[in-house]
**Q** 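The structure's right below; bear with me while I get my questions together.
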Amino acid sequence: MRIDVSKLLEHLNPAQREAVEHRGTPLMVLAGAGSGKTRVLTHRVAHLIATGDAEPRNILAVTFTNKAAKEMKERIWALLGNSHRELWVGTFHATCARILRGHGHLLGFDLNFSILDEGDQLALAKECCRELNLDTNRFPPSLLLRHVSNAKQNFIDPEEYMAQWAGDYLKGRVARFYALYQEKLKRSQAMDFDDLLFFVLKLFLEHREVLDLYRRRWRHVLVDEFQDTNQIQYRMVKLLAEEHRQICVVGDDDQSIYSWRGADPGNILRFDRDFPEVRIVRLEQNYRSTRNIIRASSSLISKNRMRKGKDLWTANEPGEMVSVYLAKDEREEARFVAREVRDLLLGQKVPPEEIAIFYRTHAQSRVLEEELMASKVPFAIYGGLGFYERKEVKDLVAYLRAVANEADELSWKRIINVPKRGIGAKTVQMVEKMAREKSIPFSQALRLWTREQRGGSSARVQGFIQFMDQLREVLREQGIAAALREAMVRSGYLDELRKSDEEKAQEREENLEALLNMAVEHELAEGKGEVQGFLEKVSLMSDLDMADPNHGRVSLMTLHSAKGLEFQVVFIVGMEEGLLPHSSSLKDLPSLEEERRLCYVGMTRAKRRLYLCVAGERRIWGVLQPMTPSRFISELPSQCLELTGQVSFEDGFCPDKDTMVGRWVRHEVFGAGTVVKVEAGGERLVVHFPGVGAKRFVTREAPLKWL
DNA sequence: GACCATTTATTTTTT
DNA sequence: ATAAATGGTC
């Protein structure tokens, strides 16, 4: 099929066009929020194909989320007029999983290896702690896992870690933990998320022929959200591209909000160094938001010192002011949001899916849910527990994993007594010991154990094994969905669920039904025998990806999950010191700046209308605490703000002087401002008014009211 | 092995 | 406030 090349370039601005047409040297696109980043990526891929510069199978495009990958694929197909299965667009993790299915055997991995999610990891970590007699108060599994993850992201294996840190009190223990953790993973033929990346890099470094294969295959490499790449991802990409140098990375340092997870925005600078002939294109025109929103956001982000610098501008109309609402407490804040949302829906006919409410922490969603519910506003919450993390879904998937990968000890142990079969911890312990002693997989030890033991639970174990063998047959002969149904019904799982007096039983059953439907769908798309692909999908998908065409619902989510989305109307709630910026980020400048970027990301999601909400007091962990408006609000230019809401502190209320700094006051003439300094033991105050500047007052006589 | 009481720890989390 | 994890008892 022929595609009109000039048509592809038609609706692009000069910078976008350059990014699409550029050839010959590495390319870095610094794309501001709403500047058409995805557009550039999709058009570039389509352009590569349309001009004949590349075959679909020679292109690798990596993203961070399945959702982004899916969107990109669909948009490219739309441009090209048909679907290209040979075109590889996927997340880093899915790409790595695929590579390892193909070549993992070179590192001793079974083709059917399992992928552990966070819950599985934690379960395994706890096991390790128990075996190592680690005091979980002093060394919480989550902390140990964090260290391990860090090590993996820096490509440090257990031996190297041990050699480096054996003498260190904490890290010496981490080292032992790391070694055992990896050993258990290997024994289970399992990998965690970091392993997928780690082992691909290892594969590339130790087996040049594999690297060469992929270098020849993927002659064009494109990376989305480049600011979010970690050390190991960067090295992977670099290895793939350093020979042909046909690489295009797209990112925005101002939207780097995952550095606490290992993302290293320094890779942007590193790219400059490793590919000195790089062509840099800046996309600075924003097509998404009104001028007021852009002005407020740009002003905020300009307060960051560590940035590459970009000037975002827009030709859009000024639009409405950014609303700052001062509420008495979180309840009143939620009521305001609910009331406003209702008005937008009914009065102004904004469709619900064009409205979003963002917060810093999940804990904040509860009041909002209650108030929205009370106002009969349809809404959906994203994040929190993902579909595949739900207990009942994980249980059922564990059955599938156990038969697909006999070595998967974690899965076997998970389901051995679910539903209850009278096989308890004692039995599991004994079988485990046996498996260790004979160095055989857990499932094999189970079989052996029934042969050697009489009485006790051995008959029940026998029954369990028989059931699993049967399940394997069903899977082989009738496919995934049939096997899931078998595991659900014939095991007695569903009966137990129905009998339980749990109030969520109904919901759980619906989830299982949804899982079955997904299995059927997968079979239709990929074929009945494709268990591995199904399990991979299940492990690598988050519920954010499933966020179905969330039609007819207002979206609630954390600021982190808001990245990459856009809405007509956006509310950011909890704009208070300690929440945004979060208290844990006040210790150093880099984390404070990341909080500012987080706020920036949230603000730039809004197309037409932006609300920032502040509560004067808030219940945190059950205790009522006075709150101060976020410094980020005072960093916005007052000309594009509209301050509304109740006065939330009584007149004359004077907190002690340590907590006065940062407090908001209202001045008869200057309007709202924040206290920036307390002088002479509280007798004088320096107050900063947005757009006016700093003013000094005698506290007693100042015409100020606390907000 | 199951159940109830007490204790404990709560940032964000694309995969 | 809350939920999960632990520890004791039956």
Side-chain angles (χ1 to χ4, degrees), chain A residues 62-70 90-97 115-123 126 136-137 140-143 145-146 149 152-153 191-197 224-225 227-230 232-233 255-263 330 358-367 382-386 388-389 391 417 420-428 456-457 460 536-545 547 557-565 574 578-587 591 594-595 597-599 601-602 618-624:
Chain A
V62 272
T63 62
F64 277 81
T65 65
N66 296 302
K67 203 173 162 212
K70 190 166 163 241
T91 63
F92 267 105
H93 290 83
T95 306
C96 289
I115 300 171
L116 303 197
D117 69 14
E118 220 174 292
D120 303 325
Q121 277 187 58
L122 209 58
K126 280 179 187 158
T136 47
N137 284 320
S142 58
L143 175 90
L145 281 175
R146 207 155 44 236
S149 174
K152 287 181 183 174
Q153 288 184 25
M191 296 193 206
D192 63 22
F193 289 140
D194 294 315
D195 283 335
L196 292 172
L197 306 172
D224 190 14
E225 305 280 17
Q227 76 282 352
D228 287 337
T229 48
N230 63 29
I232 209 158
Q233 287 162 333
Q255 293 187 65
S256 156
I257 54 174
Y258 283 104
S259 69
W260 49 275
R261 244 179 141 267
E330 78 269 25
F358 302 151
Y359 34 77
R360 176 66 234 262
T361 68
H362 280 301
Q364 290 167 257
S365 73
R366 204 182 194 100
V367 228
Y382 298 105
L385 244 208
Y388 291 114
E389 284 155 45
K391 185 185 169 302
N417 202 29
K420 296 192 180 69
R421 305 185 166 88
I423 308 173
K426 266 273 159 54
T427 307
V428 171
S457 58
R460 280 161 276 170
E536 204 168 289
K537 206 189 282 183
V538 166
S539 319
L540 296 180
M541 264 239 276
S542 79
D543 77 326
L544 228 58
D545 303 314
M557 65 186 84
T558 62
L559 284 160
H560 280 91
S561 27
K563 196 168 73 166
L565 306 175
L579 255 186
L580 183 66
H582 197 272
S583 49
S584 59
S585 73
L586 301 175
K587 53 186 191 306
S591 16
E594 181 145 322
E595 295 286 307
R597 290 194 291 270
L598 193 53
C599 185
V601 165
R618 179 180 294 278
R619 206 170 279 279
I620 295 176
W621 297 337
V623 251
L624 196 64

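Here is how names work: the chains are called A, B, and so on, in the same order as the sequence lines, proteins then strands, and each is numbered from 1.
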**Q** How long is the line joining CD of A:E225 and C1' of B:dT14, in whole Å?
**A** 9 Å

**Q** Using whole Å, what does the distance between atom P of nucleotide B:dT11 and atom CG of A:L598 come to?
**A** 15 Å

**Q** Under 4.0 Å: is that the gap between some side-chain N or O of A:T558 and OP1 or OP2 of B:dT13?
**A** yes

**Q** Can you check the A:K537 NZ to B:dT15 C1' distance for me, whole Å?
**A** 16 Å

**Q** Name the nucleic acid region contacted by A:L116, choosing base, sugar-phosphate or nothing; use a 4.0 angstrom heavy-atom cut-off, strictly under.
**A** nothing

**Q** In terms of the nearest nucleotide of DNA chain B, which residue is placed more toward the 5' end: A:H560 or A:K426?
**A** A:K426

**Q** Let me know the distance between CD1 of A:I423 and P of B:dG1, rounded to the nearest Å.
**A** 9 Å

**Q** Ignoring backbone atoms, test whether A:N66 places a side-chain nitrogen or oxygen under 4.0 Å from the OP1 or OP2 oxygen of B:dT15.
**A** yes

**Q** Between C1' on B:dT12 and OH on A:Y258, what's the gap in Å once rounded to a whole number?
**A** 7 Å

**Q** Could you measure the distance from the OG1 atom of A:T558 to the CZ atom of A:F358? Nearest 0.5 Å is fine.
**A** 9.0 Å

**Q** Is the closest side-chain heavy-atom distance between A:K152 and A:L197 below 4.5 Å?
**A** no

**Q** Measuring from atom OG1 of A:T361 to atom NE2 of A:H582, what distance do you get when rounded to the nearest 0.5 angstrom?
**A** 6.0 Å

**Q** Using heavy-atom distances to pick each residue's nearest nucleotide on DNA chain B, tell me which of A:H582 and A:D228 is more 5'.
**A** A:H582

**Q** Are A:W260 and B:dT12 stacked, counting the six-membered base ring, centres under 5.5 Å, planes under 30°?
**A** yes

**Q** Of the options B:dT13, B:dT15, B:dT14, whose atoms approach the side-chain atoms of A:E118 most closely?
**A** B:dT15

**Q** Counting only side-chain N and O atoms of A:H362, is one of them less than 4.0 Å from OP1 or OP2 of B:dT10?
**A** no

**Q** Let me confirm one number: the CZ-OG1 distance from A:R421 to A:T427, rounded to the nearest 0.5 Å.
**A** 13.0 Å

**Q** According to a 3.5 Å limit on both distances, what stems of 3 or more consecutive Watson-Crick or G-U pairs are formed with DNA chain B?
**A** B:1-10 with C:1-10

**Q** What I want to check is whether an N or O donor and acceptor connect the side chain of A:S584 with the base of B:dT11 at under 3.5 Å.
**A** yes

**Q** Walk along nucleotides 1-10 of chain C from 5' to 3' and tag each nucleotide B, S or - by protein heavy-atom contact under 4.0 Å, base first, then sugar-phosphate.
**A** B-S-S-----

**Q** Before you tell me yes or no, could you show the steps for A:S591 and A:E595 under side-chain hydrogen bond (donor to acceptor under 3.5 Å, both in side chains), namely the whole-Å CA-CA distance, both residues' side-chain angles and the distance that decides it to 0.1 Å?
**A** CA-CA 6 Å; A:S591 16; A:E595 295 286 307; over 6 Å; no

**Q** Looking only at side-chain atoms of A:K563, point me to the closest of B:dT14, B:dT12, B:dG1.
**A** B:dT14

**Q** Among A:Q255, A:R261, A:K563, exactly one meets side-chain hydrogen bond (donor to acceptor under 3.5 Å, both in side chains) together with A:D228. Which residue is that?
**A** A:K563

**Q** Can you check the A:Y382 OH to B:dT13 C1' distance for me, whole Å?
**A** 18 Å

